[in-house]
Trainee: 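Can you keep this structure in mind? I'll have questions shortly.
Note on naming: letters A, B, ... go to the chains in the order of the sequence lines (proteins, then strands), and numbering restarts at 1 for each one.
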There are 2 protein chains.
Amino acid sequence: MEYYKKDSGILLAVDCIIFGFNGESLEVLLIKRDFEPERNKWSLMGGFVQPNESPEESASRVLKKLTGLENVYMEQCSVFGEPKREPNDRVISICYFALIDTQQYKHILSDDYEAKWFPLQQHPTLIFDHEQMIASAQHRLRMKAALYPILFELLPEKFTIPQIAALYEGVYNIELDKRNFSRKLLSSGLIIKLQEKDKENSKKGAFYFKLNTAIYKEKIMSFLRYLPSWGLET
Amino acid sequence: MEYYKKDSGILLAVDCIIFGFNGESLEVLLIKRDFEPERNKWSLMGGFVQPNESPEESASRVLKKLTGLENVYMEQCSVFGEPKREPNDRVISICYFALIDTQQYKHILSDDYEAKWFPLQQHPTLIFDHEQMIASAQHRLRMKAALYPILFELLPEKFTIPQIAALYEGVYNIELDKRNFSRKLLSSGLIIKLQEKDKENSKKGAFYFKLNTAIYKEKIMSFLRYLPSWGLET
DNA sequence: TCAAAAGTGTTGGCATTACACCCATGC
DNA sequence: GCATGGGTGTAATGCCAACACTTTTGA
């Protein structure tokens, strides 16, 4: 039988794995920690859950403090709670990943932190178990993105198909046939062609598209439809 | 800037969503709570995270206390932490779901608890947010099972194809064409035919199979292979 | 002999793949 | 005019849903 007991001595934190896409590659936002222990080492942005807020609110608060952004796509991923994961205190941390469009918001990073975007594959060594946190968030991002088109959260208002392709290539670390990818995407009804072209990245220029939000929401919401196919490829 | 602070007043718990399969339908194991608040109401089995254990260990401990089982497939799902989710204390709960084969272990439920298996769709009203916990666990189970063949964890050593089909039908709440399902499964290489037949459930009898553990582990482990198809159906 | 469940054969259609080829443009 | 990346056409492939049909057996 189990009794309630006060003051477990356990502290509850959140850490944010902030994924960004700059139009070319997938990045993660890290900060240089400005307090002990491990001061001046790179880490994820985090904070403690306050008595009057839910963990989701904590994560949003932490994200806003660093980036100024609100209403960002965030999702709970795993909890890290090994007794010795931090040296001085018993801290259990709930991880959230966030998806943001780097281009659009690069400027509003808070000056209070030394924050920097790193390519997902080549970031500096991180404190504690923060590397595992990123790995687990990436895994969950892949799982989720395989079933729902959430990666569109990482794109700006208007985007080109080659950009989306690059995004998927970054997330899954693969190479896609852009020609087939493009067709598949168009036939999904998820995107709407605009008149304008992006001429920055090629001579011919690629048409901009915007998200068909009605279809997007429908697909994001259709929780119940997936059926097993068991990754039968190799 | 964020400082460490002791004694947040937050208690950390785990709750276990224990899924079972009896060969016919999918069930969830609930207990009648024997302490206040909400004594004598149905709830998930839970417990508090102790200072010297990880949340995973807590969940395993809790599961073992109720069922006697160790080395059961368990997986973290979401965290529930709304400030007012329990009336008296601020308790944040990490949910784990477990998959077990009901048939094999029905007898070893601990007598210390009034525990009972309920069909997943028709369980009694539960305390606090435990209904949501089950819903979220089921969602995660579906997601996971769409990408990996984890549902085999719910099956006994030897099983028939109609049983697996019933299991998938229960998890996704759909009807399958057993004929096509059977073929798909056979061609996956995941199962090995035995000589023996199960004659309990049909006149003709269905062959027993066992899991091809080598291929199973490979498929469970292949984290990186899934690719988007965006649920383009409907 | 009939009903009921297990399982096989066969089909057409659809999605994915691979790749040839055309397009638009800046240099 | 030619290299470059964007994009379309098209054929081959493989998978999968649909369903007719066979098998096995208990009652």
Trainee: Given D/dT8, C/dT8, D/dG7, which nucleotide is nearest the side-chain atoms of A/L186?
Mentor: D/dT8
Trainee: Out of D/dC19, D/dT25, D/dC16, which has the shortest distance to the side chain of B/N180?
Mentor: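 The nucleotide sitting nearest to the side chain is D/dC19.
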Trainee: Please give, in whole Å, the distance from C/dA6 P to B/F209 CZ?
Mentor: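 Nearest whole value for this atom pair: 12 Å.
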Trainee: NZ of A/K184 versus C1' of D/dG7: gap in Å, rounded?
Mentor: 18 Å
Trainee: Does the base of D/dG9 carry an N or O that pairs as donor and acceptor with the side chain of A/R183 under 3.5 Å?
Mentor: yes
Trainee: So if I take every side-chain heavy atom of A/D177 and compare against C/dC19, C/dA5, D/dG7, which nucleotide ends up nearest?
Mentor: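 So the nucleotide nearest the side chain must be C/dC19.
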Trainee: What pair of heavy atoms forms the shortest contact from A/L30 to A/P124, and how long is it?
Mentor: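 That closest heavy-atom pairing would be CD1-CD, 3.9 Å.
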Trainee: Classify the nucleic acid contact of A/K178 as base, sugar-phosphate or nothing, counting any heavy atom under 4.0 Å across all strands shown.
Mentor: nothing
Trainee: Let me confirm one number: the OG-CG distance from B/S136 to B/D129, rounded to the nearest 0.5 Å.
Mentor: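 Answer for the OG-CG pair, B/S136 versus B/D129, is 10.0 Å.
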Trainee: With the side chain of A/S202 defined as its heavy atoms from C-beta on, choose the nearest nucleotide among D/dG5, C/dA6, D/dC16.
Mentor: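 The nucleotide sitting nearest to the side chain is D/dG5.
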Trainee: Is a side-chain donor-acceptor pair under 3.5 Å present for B/D15 with B/S93?
Mentor: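 Distance-only check passes for B/S93 and B/D15.
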Trainee: If you check the B/K199 side chain, which of D/dT25, C/dA6, C/dC19 turns out closest?
Mentor: D/dT25
Trainee: Between D/dA17 atom C1' and B/I174 atom CD1, what is the distance in whole Å?
Mentor: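 Rounding to the nearest Å, CD1 of B/I174 and C1' of D/dA17 are 13 Å apart.
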Trainee: Do the side chain of B/K204 and the base of C/dA5 come within less than 3.5 angstrom through a donor-acceptor pair of N or O atoms?
Mentor: no
Trainee: Mapping B/K197 and A/K197 onto DNA chain C by nearest heavy atom, which one lands closer to the 5' end?
Mentor: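 It is B/K197 whose nearest nucleotide is closer to the 5' end.
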Trainee: Looking at every non-hydrogen atom in both residues, tell me the closest pair between B/Y216 and B/P149 and how far apart they are.
Mentor: CE1-O, 3.2 Å
Trainee: Atom CZ of A/R179 to atom P of C/dA15: distance rounded to whole Å?
Mentor: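 Interatomic distance, CZ of A/R179 to P of C/dA15: 21 Å.
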Trainee: Looking at A/K203 and D/dT4, is any side-chain donor or acceptor paired with a base atom of the opposite kind under 3.5 Å?
Mentor: no
